[in-house]
Amino acid sequence: MSKSNESTKSMTLYHYWRSSSSWRVRWGLKIKGISYHDVPVNLLADAQKSPDYLKVNPVGFVPAIEINGKCFGESLAILEWLEEAHPLPALLPKDPLERLLVRQLMLQIACNTQPIQNLSVMRRHSQDKDEQILWARHWITAGLAGYEQLLRNGNPGKFSFGDQLTFADLCLVPQIYNAVRFTINTDQWPLLHEIGERCLALPECRAAHPNKQPGAQLL
Ligand SMILES: N[C@@H](CCC(=O)N[C@@H](CS)C(=O)NCC(=O)O)C(=O)O
């Protein structure tokens, strides 16, 4: 692998406007001030499983990023690369135990919540739309309730970790958006709800918002 802090000559982000994993990466890129070319991948048309897209990401998920001609998937791996290659502004605290706490929050969303409610899992669970919605609501509710408890036990401030915006918030806000899509009332979790509102006021978060993306259909 080449030096992590090499200048990034060209970057292309393959993403879907309403994908929460895509929003994490868009937001991270905007915080770090990195511009990229957009390639929208329409999940509703199953474009993520097309032969052309599978050459970009063989596991058939968005997002994926092409950096200097090489393609990579997995939103958290991309964010970790971003932090190493472009350290400022920092999205992780310095202290290892504090990093552990932030990563625990991040993974509560990215491992324990989002994967169970993504499109392919919902479709595999049931072909019936109402069943799919019940399934998604169940797992999002469990995931966010857990996040709220982790916040209570942790160190919440303006954001999920004190007053520093971190990877945890980059995962939380898109998941809140998904919760709202599935008509879950997020003010039952006051800490994460307020953090989410605060994040949505940040320009980089808004610029990465689904409605601002190419291919967005305002429903
Ligand atoms: N672990 C992957 C998950 C990516 C993922 O689940 N992406 C969703 C959209 S948020 C997707 O591509 N779904 C398509 C499908 O389920 O077929 C990551 O973090 O990048």
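Both counts, for ligands and for their atoms, begin at 1 and track the order of listing. Residues take their numbers from the sequence shown, with the count starting at 1.
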Between R26 and D38, does any side-chain N to carboxylate O distance fall below 4.0 Å?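 Result for this pair is no, no salt bridge flagged.
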Answer with yes or no whether the side chains of Q117 and Q132 bring together a donor and an acceptor at under 3.5 Å. no
Looking only at atom types and distance, does a side-chain atom of N57 sit under 3.5 Å from a main-chain N or O of L54, one as donor and one as acceptor? no
Anything under 3.5 Å between a donor and an acceptor, one on a side chain of residues 191-208, the other on a protein residue two or more places apart or in another chain? List them.
from, atom 1, to, atom 2, distance (Å)
H193, ND1, T186, OG1, 2.9
R198, NH1, K158, O, 2.6
R206, NH1, L200, O, 3.1

Residues passing the side chain to side chain contact (heavy atoms under 4.5 Å, CB included) test with W135, sequence neighbours excluded, are I116, V121, M122, H125, W139
Not counting sequence neighbours, which residues clear side chain to side chain contact (heavy atoms under 4.5 Å, CB included) with L107? List them please. L76, C111
At less than 4.0 angstrom from any atom of ligand 1, which residues have a non-hydrogen atom? List them by chain and residue number.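 Its neighbours under 4.0 Å (heavy atoms only) are S19, S20, S21, R24, L43, Q48, K49, F61, V62, P63, E74, S75, Q114, N118, L119, S120, given by chain and number.
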